[in-house]
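Structure, as structure tokens:
Ligands are counted one by one from 1 in listed order, and the atoms in each one are counted from 1 as well.
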Amino acid sequence: MCPPTYYTVNYEINPWMNVRSKPDKHKAPIQWKNYQKLLAKLKIKVHKIMPRPGLPDMVFTANAGLLSKKQFIVSNFRYPQRQGEAKFFSQWFKRRGHEVVNLPENLFFEGEGDALIFGDTLVAGFRFRSDIHSHRYIGAIIRKRVVSLELVNSNYYHLDTCFCPLNNETAMYYPGAFDKYGKKALTHLVPNLIKISKKDAMNFCCNALVSGKKIIMNNCTGKLKNRLEQIGFKVYCLDFSEFIKAGGSSKCLALYLG
Ligand code: ARG
């Protein structure tokens, strides 16, 4: 995770960002700290990367790349505003003994934002950020089959805003973010596929951090919370309003390391 020291909204690269509606300078760090406190309470270990001036979206470490065992596939960010982050993420992983893998320069790929492991499959999104052609390279590197899904609604520009694996059989998704093929592919792939409502989707409930049976997400409807708790998960809701102003919530603020 990356502390929100330089976090703000001073450019617009997704429909949630509006330079005239900036995150509150006091509230954003408080929300991030509350998240840290909850993670500590739940005994979820966090490693941090130093924030860098001029890279306000670096807080969204899910987009750094994808870690698979000792290999770290570093992102090729689509927008120049975020491209400067890649070298800091590469350094961080190199220093910790990982092999950093670069994709061909012309292929955009935005890490866990668009690539989520579901059992023995990599579910990968494309169109607004990552290129579909990056998926083939990634599948070969991590030796997993890849299911590529086109994202069709710009509000859900990264896969992790509309799809969230919960365990090897269960995932949440928002159907309004996928085309007919995508919905069908997910129905075939995921035995227990939980559809979430537009209201929960707009509240970034698919952008949830999952650790075993624990799920941390932005405030959700009672209906979704009950549904998840009925199947054995424990849902922790926090307020991520200031990060939603940049188009992210609990999941985007973290990259899974193990
Ligand atoms: N402002 C950031 C961007 O548009 C938000 C990234 C959110 N990350 C995510 N994994 N969905 O790039």
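- For residues 241-258, the set of pairs meeting the side chain to side chain donor-acceptor pair (under 3.5 Å) definition, not counting sequence neighbours, comprises Q31-S241, E112-K251, D239-S241, E242-K245.
- Proximity of F126 to L149: side-chain heavy atoms (C-beta onward) are nowhere separated by under 4.5 Å.
- The shortest side-chain heavy-atom distance between C164 and V210 falls under the 4.5 Å cut-off.
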Counting only pairs under 3.5 Å, give me each side-chain donor-acceptor contact of residues 138-148, with atom names and distances, residues two or more places apart or in other chains.
{"from": "R145", "atom 1": "NE", "to": "T121", "atom 2": "OG1", "distance (Å)": "3.0"}
{"from": "R145", "atom 1": "NH2", "to": "T121", "atom 2": "OG1", "distance (Å)": "3.1"}
{"from": "S148", "atom 1": "OG", "to": "H135", "atom 2": "ND1", "distance (Å)": "2.7"}

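- In this structure the side chain of F77 reaches within 4.5 angstrom of the side chain of E110, judged on heavy atoms.
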Without placing hydrogens or testing angles, list every side-chain donor-acceptor pair under 3.5 Å for residues 87-98, not counting sequence neighbours.
{"from": "S90", "atom 1": "OG", "to": "A86", "atom 2": "O", "distance (Å)": "3.2"}
{"from": "W92", "atom 1": "NE1", "to": "K48", "atom 2": "O", "distance (Å)": "3.0"}
{"from": "R96", "atom 1": "NH1", "to": "W92", "atom 2": "O", "distance (Å)": "3.0"}
{"from": "H98", "atom 1": "ND1", "to": "K70", "atom 2": "O", "distance (Å)": "3.3"}

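- Sorted by chain and number, the residues within 4.0 Å of ligand 1 by heavy atom are I13, N14, M17, D57, F60, A62, N63, R82, G113, R129, Y157, H158, D160, T161, A246, G247, C252.
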